[in-house]
There are 2 protein chains.
Amino acid sequence: MSYESLKLFRDIAQSRSFSRAAAMNGVSQSAASQQVQELEKDLGTILLDRSTRPLAVTQAGHLYNDFCRDVLRRKEEFEVTLDRLKQEVEGTVRVAAIYSVGLSEMAQLEEEFSRRVPKAQLVVEYLRPEKVYSAVLADQADIGLVSYPEASRQITVIPWRMEEMMLAAAPDHPLARLKRVVPQSLNGADFIDFDEDLPIRRDIDRFLREQNVQVNHTVHFDNLEMVKEAVLHRKGVSILPARVMRDEVAQGRLVAAPLVASPLFRPLGIIHLKKKHFHPVALAFLDLLREPEFKAA
Amino acid sequence: MSYESLKLFRDIAQSRSFSRAAAMNGVSQSAASQQVQELEKDLGTILLDRSTRPLAVTQAGHLYNDFCRDVLRRKEEFEVTLDRLKQEVEGTVRVAAIYSVGLSEMAQLEEEFSRRVPKAQLVVEYLRPEKVYSAVLADQADIGLVSYPEASRQITVIPWRMEEMMLAAAPDHPLARLKRVVPQSLNGADFIDFDEDLPIRRDIDRFLREQNVQVNHTVHFDNLEMVKEAVLHRKGVSILPARVMRDEVAQGRLVAAPLVASPLFRPLGIIHLKKKHFHPVALAFLDLLREPEFKAA
DNA sequence: GGATAACATTAACATGTCTAATATTGCAAG
DNA sequence: CTTGCAATATTAGACATGTTAATGTTATCC
């Protein structure tokens with residue numbers, strides 16, 4: 001049995017002709033005849049009465065014809081539903097990102113993406129870093145955007161961009177007058193930290209140690225936004241990615257000074273399940289992410 | 001696609017294992033794997049996620065699984081309905097017979113048949129000869145029982161039995177005293193005829209002519225029962241099949257005397273459509289009809 | 001009763017499907 | 001992190017199934 005056979009029988013029963021139905025289905029009359037004979041042998045019943053012209057459909061033939069119609073209709077239904085699902089799934093890219101990738105950045109990305117692939121839908125969710133990992137692991141997000149990305153058994157990392165870190169200070173802070181900062185300038189300054197278990201904290205600590213700088217550790221937070229907020233409120237200085245301060249700098253509420261000598265970078269990465277099969281739309285989004293424009297932004 | 005494939009996929013999805021489902025369906029694990037791969041290629045979608053143990057059914061996989069279940073259920077339903085139809089149709093033999101085959105004869109046949117094939121049903125309809133032919137032609141009867149059977153383009157004849165014809169007379173008729181009748185005894189007798197267009201009439205006329213007998217034609221009827229009735233009422237004598245007079249002879253209401261010299265026979269035949277496909281139960285009935293017991297009765 | 005149009009039959013052939021053997025992969029235990 | 005086990009994937013060749021083209025048979029019409 002095959003869908004072609006079902007359709008063929010249905011057409012034979014409807015047109016009351018083997019040859020016409022065979023032609024309709026692009027097979028020879030012989031094939032049609034043989035298929036029905038085989039079918040009748042299997043069922044142990046005559047379905048069509050060929051001893052009259054045009055042929056007659058027997059009672060059992062009508063039952064089988066109804067069966068064919070029902071199955072073919074159900075198949076159509078399945079195919080339509082599947083297409084809808086494919087459209088839905090394959091037209092959507094689900095991204096989980098940490099807050100600090102920047103909303104304006106993502107808005108720009110979304111705009112460009114919908115321009116290039118108009119039928120696609122981009123769903124971005126902003127989550128705390130560990131939630132980004134679990135969203136990707138649970139296949140609730142196709143792609144994750146995180147800082148200091150970590151690969152694991154199930155997760156693959158694609159390096160995305162390196163964000164330059166700068167000294168962050170309130171405009172009226174003494175250090176704010178410096179256009180460019182040598183690390184030693186920070187000696188003894190009140191410093192706003194990240195929590196000790198965060199990779200960014202380890203990176204900054206390493207940097208300060210290498211530069212032989214001793215800062216005055218004051219408060220610490222588990223996320224970048226709170227650190228920035230604290231700097232804004234003049235609780236001290238910190239070292240933050242330049243890009244996340246862009247708005248505040250433009251508004252004159254914050255000063256970002258490049259670190260001379262040895263610059264410091266925060267790596268951002270794209271993570272996804274190793275086993276993930278990306279559909280074309282998702283691949284298009286990945287391509288977009290990796291273009292210089294967005295890598296550099 | 002085949003029902004086996006549908007069942008296989010359903011079992012894979014349910015058991016969440018290729019190998020178990022393959023074993024259940026009596027095929028190799030390799031075959032199961034290949035079938036699903038082919039299917040996924042056709043549909044352009046992943047149905048099962050094998051990168052986890054046990055495997056996971058994707059959203060599309062669930063859709064397809066539902067489709068499989070529905071089709072298989074519909075197939076079961078069809079098969080049950082078909083079996084019922086077969087039981088109904090193939091368990092019934094429809095017979096159309098002329099009146100003069102004899103009710104007691106047929107009752108005996110019915111009894112014997114239901115003893116041999118208990119699940120079978122025999123439907124006998126008594127009709128005038130031309131109605132028997134049209135019932136067979138219209139496939140309203142599987143088998144027809146007629147005298148002087150005539151084959152045609154669509155009808156096949158199976159000779160059934162030859163019924164000996166005897167002189168029929170009322171017990172007090174002068175000819176009733178004869179144990180055996182030579183045709184010449186009939187010379188000048190009042191004779192009750194069949195209508196001229198009936199084969200039995202032509203047969204009797206030929207017989208009388210061959211024997212150089214001149215009878216006195218009185219009334220004529222279009223059927224055997226009326227002729228017998230007329231003889232009973234002493235309107236004259238006639239020549240009738242011995243068997244149809246059995247009851248009246250036993251009751252002493254009629255005398256049946258064999259015709260010596262050249263006996264006369266009425267042929268009975270089984271007729272059916274040339275194109276007819278007899279099912280086993282019908283064949284069993286035909287076999288019964290053709291057994292010596294019923295051929296000779 | 002012969003012509004013709006439809007269905008059946010046959011044999012050669014192509015295609016698809018299965019099995020057996022083997023490679024690869026996911027997972028869990030050491 | 002490696003190793004072993006169990007599950008799935010891959011491959012090639014045997015086998016079955018379905019198709020075609022040619023030809024035979026049958027129903028119907030005139």
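Not measured: the values here are computed from a predicted model. FYI, side chains are in, hydrogens and waters are out, and symmetry mates aren't considered; it's all heavy atoms of this structure.
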- request: Check DNA chain C against residues 15-26 of chain B and give the residues with a non-hydrogen atom under 4.0 Å, in numerical order.
  value: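 Within residues 15-26 of chain B, the residues near DNA chain C are B:Gly26.
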query: Near DNA chain C, which residues from residues 43-51 of chain B have a heavy atom under 4.0 Å away?
result: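 Contacts with DNA chain C under 4.0 Å: B:Ser51.
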Donor-acceptor contacts, no H, no angles, side chain residues 23-33 of chain A, under 3.5 Å, sequence neighbours left out:
from    : atom 1 : to      : atom 2 : distance (Å)
A:Asn25 : OD1    : A:Lys7  : NZ     : 3.2
A:Asn25 : ND2    : A:Asp11 : OD2    : 2.9
A:Asn25 : ND2    : A:Ala21 : O      : 2.8
A:Ser28 : OG     : A:Ala31 : N      : 3.2
A:Ser30 : OG     : A:Gln34 : NE2    : 2.9
A:Ser33 : OG     : A:Gln37 : NE2    : 2.9

Please list, chain by chain and in numerical order, all residues satisfying salt bridge (charged side-chain N to carboxylate O under 4.0 Å, His left out) with [X], sequence neighbours excluded.
| X | answer |
| --- | --- |
| B:Arg73 | B:Asp70 |
| A:Glu196 | A:Arg201 |
| A:Arg50 | A:Glu40 |
| B:Asp222 | B:Arg128 |

Restricting to nitrogen or oxygen on both sides, can you table the protein-nucleotides 11-14 of chain C pairs closer than 3.5 Å?
none

task: Please list, chain by chain and in numerical order, all residues satisfying ring-ring contact (aromatic ring centres under 6.0 Å, His included) with A:Phe9, sequence neighbours excluded.
output: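 If we apply the ring-ring contact (aromatic ring centres under 6.0 Å, His included) test to A:Phe9, skipping adjacent residues, the hits are A:Tyr64.
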message: Which residues pass the ring-ring contact (aromatic ring centres under 6.0 Å, His included) test with B:His272, not counting sequence neighbours?
response: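 By the ring-ring contact (aromatic ring centres under 6.0 Å, His included) rule, B:His272 matches B:Phe278.
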- request: Kindly calculate the angle separating the two end axes of the helix from C:dG1-D:dC30 to C:dG30-D:dC1, each obtained from five base pairs, and round it to 10 degrees.
  value: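 Roughly 40° between the end axes, to the nearest 10°.
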Just list the side-chain donor-acceptor pairs under 3.5 Å for residues 77-89 of chain B, sequence neighbours left out, or say none.
from    : atom 1 : to      : atom 2 : distance (Å)
B:Glu79 : OE2    : B:Lys75 : NZ     : 2.6
B:Thr81 : OG1    : B:Glu77 : O      : 2.8
B:Lys86 : NZ     : A:Leu43 : O      : 2.8

